[in-house]
Protein chains: 2
Amino acid sequence: MSRARTAPRPVVAGASAPAEREVVEFFVHLGKYLSLPRSVGEIYGLLFATGEKLTLDDLVARLAMSKGSASQGLRMLRGAGAVRVTHLPGDRKDYYEAEADLPALIRGFLRDQLVLKLEHADRRLDRLRTVVDDPGNGAPAGLSGRVERLQSWQNKARRLIPLASTFLKL
Amino acid sequence: MSRARTAPRPVVAGASAPAEREVVEFFVHLGKYLSLPRSVGEIYGLLFATGEKLTLDDLVARLAMSKGSASQGLRMLRGAGAVRVTHLPGDRKDYYEAEADLPALIRGFLRDQLVLKLEHADRRLDRLRTVVDDPGNGAPAGLSGRVERLQSWQNKARRLIPLASTFLKL
DNA sequence: CGCGGAATTCAAGGCGAATTGAACTTTCTG
DNA sequence: CAGAAAGTTCAATTCGCCTTGAATTCCGCG
């Protein structure tokens with residue numbers, strides 16, 4: 001019982017409005033497809049749902065997660081440009097709000113994740129060709145050709161990226 | 001030490017030619033990006049590397065994995081069209097070979113996985129709108145509009161799929 | 001039918017990634 | 001400069017997915 005306050009202090013994650021909870025879950029699922037940890041989806045979801053600037057402690061309270069998770073999740077979101085930090089005049093808390101320009105967010109993600117992975121795949125493919133083309137490694141007949149085709153498809157995929165970027169920009 | 005046999009019975013995964021092992025590892029990594037279990041990458045990798053028709057028991061022996069894993073991995077690969085089953089005349093074992101037409105494979109993956117996920121996302125978004133637009137659910141002001149934008153972006157993403165398909169087809 | 005080899009199923013266990021929470025660092029304030 | 005408030009770090013724990021292997025089902029054949 002104790003004190004009467006304006007907001008009914010949510011004890012459990014999303015004990016707030018159903019709409020809020022729903023949005024949070026939506027982003028959790030979306031994040032799962034990108035293999036992001038649940039906490040990250042929750043944080044972004046809550047920021048997106050409320051549209052307000054919230055502090056780390058707000059997130060901890062309203063999502064019922066640990067400070068550690070919130071801190072790490074926010075770092076990831078900052079890194080991805082999905083979230084903006086602001087400050088209030090006489091207050092040293094960090095205030096976070098969702099970056100509302102989703103296309104920019106998606107482009108950032110594509111750039112950072114996909115291109116990075118393609119570069120990595122490049123190196124692996126080169127290495128693979130070296131090993132396969134070395135006669136001492138017992139590559140079955142025809143394998144060399146198949147690996148080459150692999151490479152040509154990978155190049156096609158790479159050419160697709162900028163195309164996708166511009167398309168999503170609109 | 002028992003019996004002398006033609007092939008030196010690999011005790012450990014990929015105890016065969018280095019080239020083979022390398023190809024297997026390559027597909028394991030590739031699979032990781034698509035968050036497929038390691039076993040799936042291994043199976044497809046070995047089939048791709050050898051270019052032969054192999055039975056479940058071959059896979060179990062040469063990759064040192066359990067029958068259960070092999071069975072489930074093969075099911076997944078069959079479902080994705082990444083692998084073809086054939087039969088030999090007087091033999092009731094299933095013989096598997098890698099689907100060599102990678103573009104088809106990629107298209108299949110896009111169709112099965114991505115479209116499926118988009119449909120799922122569709123349903124989720126519809127649900128989300130319903131909840132958010134219900135006045136009883138305490139949606140903050142402006143949320144409805146943000147959710148709408150979410151939907152428009154999702155539509156753009158969907159329009160990107162066929163484009164990607166044709167592009168990869170060449 | 002019933003036998004036997006081939007494949008699938010699924011409960012239990014293993015393993016790696018995510019989360020927690022307490023210790024720590026930093027920075028402001030009186 | 002002491003104290004507190006904000007945030008970060010990281011070792012220990014938890015949790016969920018993947019694998020295992022034994023039991024079960026499936027199927028063709030005598």
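By convention in this document, chain letters (A, B, ...) are assigned in the order of the sequence lines, proteins followed by strands, and residues within each chain are numbered from 1.
- Under 4.0 angstrom from either OP1 or OP2 of C/dA7 there lies no side-chain N or O belonging to B/Lys67.
- Contact check for A/Phe27 versus B/Leu150: side-chain heavy atoms found under the 4.5 Å cut-off.
- Residue contacts shown for B/Thr55 are absent, as no nucleic acid heavy atom lies under 4.0 Å away.
- Taking atom CZ on B/Arg92 and atom C1' on C/dA7, their separation rounds to 10 Å, with Å as the unit.
- Straight-line distance from the CG atom of A/Leu56 to the P atom of C/dT19: 14 Å, rounded to whole Å.
- Closest to the side chain of A/Gln72, from the set C/dT19, D/dA6, C/dA7, is C/dT19.
- Comparing A/Gly68 and A/Lys32 along DNA chain D, the residue whose closest nucleotide (by nearest heavy atom) sits nearer the 5' end is A/Gly68.
- Each of A/Leu36 and A/Asp91 lies near DNA chain C, and the nucleotide nearest A/Leu36 is the one positioned closer to the 5' end.
- Separating the OH atom of B/Tyr96 from the P atom of C/dA7 is a distance of 7 Å, rounded to the nearest angstrom.
- Using a 4.0 Å cut-off, some side-chain N or O of B/Arg78 falls inside it from OP1 or OP2 of C/dT8.
- Separating the CG atom of A/Asp58 from the P atom of D/dG7 is a distance of 10 Å, rounded to the nearest angstrom.
- Phosphate proximity of D/dT8 to A/Ser71: present, with a side-chain N or O under 4.0 Å from OP1 or OP2.
- The shortest distance between side-chain heavy atoms of B/Arg78 and B/Tyr96 falls below 4.5 Å.
- For A/Pro37, counting side-chain heavy atoms from C-beta on, the closest listed nucleotide (D/dT20, C/dT8, C/dT19) is C/dT19.
- For the pair B/Lys93 NZ and D/dG28 P, the computed distance is 15 Å after rounding to whole Å.
- Here the straight-line distance linking atom CG of B/Leu46 with atom CE of B/Met65 works out to 9.0 Å at 0.5 Å rounding.
- The side chain of A/Ser66 lies closest to C/dT20 when the candidates are C/dC10, C/dT20, C/dT8.
- Between the C1' atom of D/dC26 and the NE2 atom of B/His87 lies a distance of 13 Å, rounded to the nearest Å.
- Distance CG (A/Asp94) to P (D/dA6): 10 Å, rounded to an integer number of Å.
- Of all nucleotides listed (D/dT19, D/dG7, C/dG4), D/dT19 comes nearest to the side chain of B/Ser69.
- In this entry the distance linking CZ of A/Arg38 with C1' of C/dT19 reads 12 Å, nearest Å.
- With salt bridges taken as basic N to acidic carboxylate O contacts below 4.0 Å, none links B/Glu22 and A/Arg129.
- Residues A/Asp122 and A/Arg158 are paired through a salt bridge, judged by an N-O separation under 4.0 Å between the basic side chain and the carboxylate.
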